[in-house]
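Bear in mind the structure is a predicted one, so any value in this text is a computation, not a measurement. In what follows, every heavy atom counts, from backbone to side chain, and hydrogens, waters and symmetry copies are set aside. One-based numbering along the sequence shown.
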Amino acid sequence: MMQKNKLKQLLAAGKPAMNGWCSIGNPFTAEIMAAQGYDSVTIDNQHGALDYGDVLTMLQAMHASDATLMVRVPWRDPGYIMKALDAGALGIICPMVNNRAEAEEFVSFMRYPPHGQRSFGPTRAAVAMPGYGLAANDEVLALAMIETADGMANLDEIAATPGLDGIYVGPADLTLGTQEGRLPPGLDRQEPEMIALIKQIAQACKVNGITACLHCGTPEYAAQAIGWGYNLTTVSGDSRLLAAAAGASVAAWRKLNGRDTVAGDDGGMY
């Protein structure tokens, strides 16, 4: 029997899940992230500094963890999606899904016939998960990203797509895609109009019995989003967390050693 998708089981039990995010193309960094207790960890193959070779080794490095491993693919392309699944991803986040037809196409790439058009050849997945085969149809998670005005206009029909497991919201692109340049991109939106859209997506997911996912910058905002009906929240990511921890350490050292505002000294103004 193929292993069960623990994230899928957690969500089915009605419990909120926390997702980690890897944008640095390095297996050791990925291994560190996966060891921190996230329910799932996603490799960002869209905007992350990595390619397919990195995805493969990162999935291998994280295999020993209890986290469900997912990949955000660069586009709604069967090659990207099927290769990520063959490498061992149990969930795919697909960007820029704008209507029902695109959602149906995405879902079809995720599953073997007769439920889709996925080509068979799970090279690493079959090694990493004994019993991998048609059973994967029931274990993989298909998460579509709604990021544009068209996507919002077609929200209800997208959410009702058979085989779609959830909708993943990236607030930066949702802001760019719906506000015509009036608002800058960013996480943890505070504008009433953006909060209304974010809540609208959560409601559409609830009506259709699928997972609502939101990319957040802080645990506090993620907790608020769970109160709005989001089931899975991503909090920051490896590059942001590294920068924040390093910055805090440097700032503390400079303050303790009287160098927080020192000019010159080979380093200019601190």
Side-chain angles (χ1 to χ4, degrees), residues 2-3 5-8 17-97 105-112 116-130 132-133 136-137 139-145 147 165-166 168 170 172-173 213 215 232 234-242:
M2 178 186 165
Q3 73 178 58
N5 186 327
K6 293 180 180 179
L7 176 61
K8 198 167 188 176
M18 185 179 185
N19 180 56
W21 198 261
C22 291
S23 298
I24 301 171
N26 184 278
F28 184 38
T29 304
E31 185 178 29
I32 292 170
M33 288 291 289
Q36 303 312 309
Y38 292 102
D39 298 305
S40 59
V41 178
T42 298
I43 300 170
D44 185 3
N45 197 29
Q46 183 188 22
H47 293 303
L50 52 96
D51 58 22
Y52 175 76
D54 298 310
V55 170
L56 179 62
T57 57
M58 290 165 74
L59 288 170
Q60 290 173 312
M62 295 190 286
H63 182 64
S65 74
D66 284 333
T68 295
L69 306 181
M70 304 196 293
V71 174
R72 178 165 74 169
V73 295
W75 199 248
R76 192 184 65 260
D77 179 281
Y80 289 129
I81 292 168
M82 295 182 196
K83 282 184 73 67
L85 293 171
D86 290 343
L90 282 176
I92 298 293
I93 299 174
C94 181
M96 295 291 180
V97 175
E105 184 181 52
F106 164 48
V107 168
S108 77
F109 299 153
M110 293 288 298
R111 296 181 174 91
Y112 296 119
Q117 57 176 321
R118 181 183 173 189
S119 177
F120 192 80
T123 306
R124 178 183 173 268
V127 175
M129 292 171 274
Y132 195 99
N137 281 351
E139 301 304 327
V140 295
L141 283 165
L143 306 176
M145 295 192 74
E147 309 175 77
D165 296 293
Y168 192 99
D173 275 319
C213 316
H215 204 105
L232 182 146
T234 300
V235 178
S236 194
D238 56 359
S239 59
R240 287 175 178 267
L241 291 168
L242 176 60

Return the CD to CD distance between Glu31 and Gln36, rounded to the nearest 0.5 Å. 10.5 Å
Taking every non-hydrogen atom, the tightest pair across Glu105 and Ser108: O-OG, 2.6 Å
Would you sort out whether Val140 and Ile92 count as a side chain to side chain contact (heavy atoms under 4.5 Å, CB included), showing the intermediate values? CA-CA 8 Å; Val140 295; Ile92 298 293; over 6 Å; no
Partner of Ile24 under side-chain contact (heavy atoms from CB on, under 4.5 Å), chosen from Asp44, Asp54, Asp238: Asp238
Using 30° and 60° as the class boundaries, would you call the ring planes of Tyr112 and Phe120 parallel, tilted or perpendicular? tilted
Within a reach of under 6.0 Å around CZ of Phe109, are more than 12 heavy atoms found that belong to other residues, nucleotides or ligands? yes
If you take all heavy atoms of Val41 and Ala34, which pair is closest and at what distance? CG2-CA, 4.0 Å
Do you know the tightest heavy-atom contact between Arg124 and Gly88? NH1-CA, 3.8 Å
Cys22 versus Leu50, closest heavy-atom pair with distance: O-CD2, 4.1 Å
Go through the steps for Arg118 and Asp86 under the test side chain to side chain contact (heavy atoms under 4.5 Å, CB included), then give the verdict. CA-CA 10 Å; Arg118 181 183 173 189; Asp86 290 343; 2.9 Å; yes
Taking all non-hydrogen atoms of both residues, which atom of Lys8 and which atom of Glu139 are closest, and how far apart? CD-O, 4.0 Å
Which distance, rounded to the nearest 0.5 Å, do you find between the CG of Leu90 and the OG1 of Thr68? 6.0 Å
Supply the atom-to-atom distance Asn45 CG to Met70 CE, rounded to the nearest 0.5 angstrom. 14.0 Å
I need the Gln117 CD to Met82 CE distance, nearest 0.5 Å. 5.5 Å
Quick one, Leu232 with Leu143, criterion side chain to side chain contact (heavy atoms under 4.5 Å, CB included). Give me CA distance, side-chain angles, the key distance, then yes/no. CA-CA 11 Å; Leu232 182 146; Leu143 306 176; 5.5 Å; no
Drop me the distance from Ile43's CD1 to Arg72's CZ, to the nearest 0.5 angstrom. 12.5 Å
Can we say Asp165 and Arg111 salt-bridge, meaning some charged N sits less than 4.0 Å from an Asp/Glu carboxylate O? yes
Pair Tyr38, Ser65: side-chain N/O donor-acceptor within cut-off below 3.5 Å: no
Evaluate side chain to side chain contact (heavy atoms under 4.5 Å, CB included) for His215 paired with Trp21, printing each intermediate quantity in order. CA-CA 9 Å; His215 204 105; Trp21 198 261; 3.4 Å; yes
Testing the 3.5 Å rule here: is there a donor-acceptor pair between the side chains of Asn19 and Ser40? yes
Distance from His47 atom NE2 to Ser239 atom OG, nearest 0.5 Å? 12.5 Å
Between Cys94 and Val73, what is the shortest heavy-atom contact and its length? CA-CG2, 4.2 Å
